2 protein chains.
Amino acid sequence: MGKQSVVDLKHFEISEEENLSPEDFILKKIRELLHQGALQPGARLPSERSLAETLNTTRGTIRKALQKLDFYGLVEITPQSGTKISNLGQDTVEELMKSIPVSKDQKMIDLLEARFVLDLQCTILAAQRRTEADLVLIENRQDLFLQRFYSKGNGDYLEADYLFHLAIAQAAGNHVLVSLLNQLTPRIVTREQPHLKQRDNDFSRIPAEHQSIIDAIRRESPEEAEEAMRNHRQWALKRIFTGDN
Amino acid sequence: MGKQSVVDLKHFEISEEENLSPEDFILKKIRELLHQGALQPGARLPSERSLAETLNTTRGTIRKALQKLDFYGLVEITPQSGTKISNLGQDTVEELMKSIPVSKDQKMIDLLEARFVLDLQCTILAAQRRTEADLVLIENRQDLFLQRFYSKGNGDYLEADYLFHLAIAQAAGNHVLVSLLNQLTPRIVTREQPHLKQRDNDFSRIPAEHQSIIDAIRRESPEEAEEAMRNHRQWALKRIFTGDN
DNA sequence: CCATTGTAACTGGTTAACCAGTTTGAGGAT
DNA sequence: ATCCTCAAACTGGTTAACCAGTTACAATGG
């Protein structure tokens with residue numbers, strides 16, 4: 001890393017505490033320093049040690065916050081040298097930082113909506129790009145789903161349903177979409193169970209809905225796949241939100 | 001955490017090294033242990049110390065791997081007590097673990113495709129749910145974009161374009177979608193620049209394309225918004241992939 | 001025989017010292 | 001002046017010891 005002057009932060013305002021984890025609290029403070037112009041994109045950050053002193057924390061906390069920023073691509077860490085803010089515009093970096101601490105307690109409906117958006121597009125793409133191997137995996141997953149669906153009384157089929165849709169996502173051939181989908185799934189599956197204790201009449205539709213999706217993908221028809229998937233969602237939402245919130 | 005027997009891992013096969021970071025290497029080993037049945041969903045994991053010894057690493061490496069698993073919801077960590085595998089099916093946990101280490105070196109085309117999928121759906125939702133305040137922010141961002149677009153010769157307008165679409169995403173009112181979008185953006189913006197040195201004729205279309213999207217959102221017409229956004233994408237792809245890969 | 005208690009071992013979290021590589025700037029040679 | 005040398009200070013990364021809270025289990029009392 002080249003020679004660069006490091007800004008002294010001691011003269012800038014630091015906000016007071018809130019109900020955030022120490023790590024997210026530090027993120028917020030760094031964002032404020034950015035907003036006040038104390039830090040500028042492309043500029044080198046003060047060392048972890050001096051940041052800790054300035055922001056009244058330990059180095060460990062600073063370290064966790066910076067690692068998080070690195071994960072989101074907002075900061076470039078060079079070992080044994082230093083850390084600099086990514087070369088994006090100040091507005092951009094600030095906006096991106098705002099969205100980071102929100103990651104917890106996301107609304108269930110938002111999670112479901114996001115998952116459906118991804119599932120739907122993956123299904124359309126799968127109908128365009130599927131290989132024979134993809135089709136075999138999808139059908140195997142459907143078999144597994146049917147088995148769980150008809151044999152057991154508990155919610156195990158929910159995960160089989162996830163595996164079914166995951167196979168479709170993999171057939172779409174976009175690793176990023178698969179990764180985003182996998183990020184959502186645990187948060188949904190571990191919270192969805194309470195809604196689904198009862199299996200009313202609508203549930204019997206699921207196997208046929210799945211089959212329609214498979215057929216569309218086999219025929220390599222994106223339009224039919226989209227319609228089948230939208231139909232699947234319509235009933236899924238009805239199944240999840242019957243009576244309770 | 002209740003009393004639970006901890007499985008002894010010493011008798012199970014451990015695979016040899018590869019080109020992975022130590023952390024991801026450990027993740028892979030844990031996945032193998034799961035596949036071999038040494039670990040089962042819901043079961044308590046051995047302590048970080050004993051895992052480190054079993055897998056021939058330090059506690060720090062194990063720690064980082066477990067934190068990552070926790071982030072993806074695959075593991076529940078209870079301070080001063082222990083760590084257990086999330087109560088999902090074994091297939092599910094295995095599948096989810098597979099997708100974790102892939103997060104780096106994602107293909108540019110996959111990133112762009114994923115971003116467009118999210119942008120498109122956010123635009124549609126924004127046309128349905130926008131408030132007046134949302135509309136004002138979107139138009140402000142468009143002004144900023146125009147200013148950057150016509151004044152400067154470098155790629156600064158790219159970020160203004162991102163801020164414009166981000167405002168639309170926020171108008172969609174789904175925090176999860178916004179979060180996913182923000183995750184993608186830095187990886188794209190920091191790599192997109194080389195493609196866009198030259199500004200050929202097609203570039204002059206951008207402001208009008210944006211305006212069409214704004215108009216559709218103002219009219220609260222999801223159909224028109226979708227069409228405008230698809231049109232925007234079509235030209236964007238042409239702009240990005242002209243000549244080079 | 002069973003319930004209660006007390007303690008020792010164990011758990012994840014944190015910290016301070018240390019490591020190896022980088023940057024810096026004064027001092028000297030040209 | 002200009003360039004090189006090199007050691008001291010500084011950088012992010014790692015480790016081992018420590019911390020507070022939990023668990024497990026043998027000793028104890030009924």
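All figures in this text were calculated on a predicted structure; none of them were measured in a lab. To find a chain, count down the sequence lines: A is the first, B the second, and so on, and within it residues start at 1.
An OP1 or OP2 oxygen of C:dT11 is reached within less than 4.0 angstrom by a side-chain nitrogen or oxygen of B:S47. For A:K64 and C:dG13, the shortest distance from a side-chain N or O to OP1 or OP2 is not below 4.0 Å. Between B:Q67 and C:dG12, a side-chain N or O to OP1/OP2 separation shorter than 4.0 Å is absent. Residue A:T78 places none of its side-chain N or O atoms closer than 4.0 Å to OP1 or OP2 of D:dG12. B:S81 has no side-chain polar atom (N or O) that falls below the 4.0 Å cut-off from OP1 or OP2 of D:dG21.
Using a 4.5 Å heavy-atom threshold, the side chains of A:K68 and A:D24 count as touching.
Summarising the geometry, the separation between CD1 on B:I62 and P on D:dA16 is reported as 14 Å, rounded to the nearest angstrom. A straight line from CD of A:E23 to C1' of C:dG13 spans 13 Å, rounded to a whole angstrom. For B:E48 and C:dG12, the CD to P distance is 5 Å, given to the nearest whole Å. When the C1' atom of D:dT23 is taken as reference, atom CZ of B:R44 falls 7 Å away, rounded to whole Å.
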Could you pull out the protein-nucleic contacts involving nucleotides 18-20 of chain D (nitrogen or oxygen on both sides, under 3.5 Å)?
residue : atom : partner : partner atom : Å
D:dC18  : N4   : B:R49   : NH2          : 3.4

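A search for salt bridge (charged side-chain N to carboxylate O under 4.0 Å, His left out) contacts involving A:R59 returns A:E48, not counting sequence neighbours. When the side chain to side chain contact (heavy atoms under 4.5 Å, CB included) test is applied to A:Q170, the partners found at least two apart in sequence or on another chain are A:L137, A:L166, A:V178, B:E95. A:T57 is linked by a side-chain hydrogen bond (donor to acceptor under 3.5 Å, both in side chains) to nothing, counting only residues two or more places apart in sequence or in another chain. Partners of A:S86 according to the side-chain hydrogen bond (donor to acceptor under 3.5 Å, both in side chains) rule, which considers only residues two or more places apart in sequence or in another chain, do not exist here. Under the salt bridge (charged side-chain N to carboxylate O under 4.0 Å, His left out) criterion, A:D91 pairs with B:R148, sequence neighbours left out.
A residue-by-residue look at B:I77 and A:T58 shows that B:I77 has its nearest nucleotide of DNA chain C further toward the 5' end. Both A:T61 and A:P79 sit near DNA chain C, but only A:T61 has its closest nucleotide nearer the 5' end.
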